[in-house]
Asker: 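Mind having a look at this structure? Questions to follow.
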Amino acid sequence: FVGTAAWFFFAVNLFKVPFGLYLGTVTGNGFLFALTLFPAALAGAVTGRWLLGRIDQVWFERIAVLFTLLAGIRLCWG
């Protein structure tokens with residue numbers, strides 16, 4: 001499921017690129033910045049893949065809900 005979801009979001013985001021270019025939200029500077037962050041994204045992907053088989057599903061869901069709650073609180077209280 002995780003792999004399928006990753007490919008789905010990749011396809012959706014790839015579909016949005018021409019619209020971002022047209023609207024000016026995708027720029028050369030933004031692309032270069034994304035390239036500088038690529039090593040961190042790669043490290044996160046490798047770490048996530050490693051953790052996927054090692055963490056209990058129940059604990060994963062609890063942690064995901066907790067982080068979602070914390071992010072929502074932070075958005076509300078800026």
Side-chain angles (χ1 to χ4, degrees):
F1 175 74
V2 172
T4 303
W7 280 109
F8 171 75
F9 285 111
F10 172 75
V12 168
N13 287 326
L14 194 60
F15 177 77
K16 295 188 301 186
V17 169
F19 300 103
L21 288 169
Y22 176 75
L23 295 172
T25 57
V26 176
T27 63
N29 287 338
F31 182 72
L32 290 175
F33 181 65
L35 281 179
T36 62
L37 294 177
F38 180 74
L42 187 60
V46 170
T47 303
R49 180 78 172 159
W50 179 78
L51 279 173
L52 188 61
R54 289 170 175 76
I55 190 167
D56 181 53
Q57 182 69 30
V58 173
W59 278 104
F60 173 79
E61 291 174 6
R62 289 177 183 169
I63 292 168
V65 169
L66 174 68
F67 282 137
T68 303
L69 177 66
L70 292 173
I73 290 170
R74 186 170 187 276
L75 284 172
C76 289
W77 281 311

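Since the structure is predicted, the reported quantities are computational estimates derived from the model, not experimental observations.
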Asker: Kindly determine whether Ile63 and Phe60 satisfy side chain to side chain contact (heavy atoms under 4.5 Å, CB included), including the steps that lead there.
Answerer: CA-CA 5 Å; Ile63 292 168; Phe60 173 79; 5.9 Å; no
Asker: Return the set of residues passing side-chain contact (heavy atoms from CB on, under 4.5 Å) with Phe38 (not counting sequence neighbours), or none when no residue passes.
Answerer: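 Counting only residues at least two positions away or on another chain, Phe38 forms a side-chain contact (heavy atoms from CB on, under 4.5 Å) with Leu42.
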Asker: Give a yes or no on whether Arg49 atom CZ has more than 12 heavy-atom contacts from other residues, nucleotides or ligands under 6.0 Å away.
Answerer: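 Count not over threshold, so no.
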Asker: Got a second to check how far Leu14's CG is from Phe9's CZ, nearest 0.5 Å?
Answerer: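 Rounded to the nearest 0.5 Å, the CG-CZ separation comes to 14.5 Å.
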Asker: Quick one: pull up CG in Asp56 and CD in Glu61 and give me the separation to the nearest 0.5 Å.
Answerer: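 CD of Glu61 is found 9.0 Å from CG of Asp56.
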Asker: Run the side-chain contact (heavy atoms from CB on, under 4.5 Å) test against Tyr22 and tell me which residues pass, sequence neighbours left out.
Answerer: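 side-chain contact (heavy atoms from CB on, under 4.5 Å) check on Tyr22 returns nothing, list empty.
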Asker: Less than 4.5 Å apart, any side-chain heavy atom of Thr4 and any of Trp7?
Answerer: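 Not in contact.
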Asker: Side-chain contact, heavy-atom cut-off 4.5 Å: Leu21 with Thr27?
Answerer: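 With C-beta onward as the side chain, the pair stays apart.
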Asker: Do Trp59 and Phe67 land in one hydrophobic cluster if side-chain heavy atoms of ILVMFWY residues count as linked below 4.5 Å?
Answerer: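 Hydrophobic grouping puts Trp59 apart from Phe67.
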Asker: How would you list, by chain and number, every residue that makes a side chain to side chain donor-acceptor pair (under 3.5 Å) with Asn13, sequence neighbours excluded?
Answerer: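 Counting only residues at least two positions away or on another chain, Asn13 forms a side chain to side chain donor-acceptor pair (under 3.5 Å) with Lys16.
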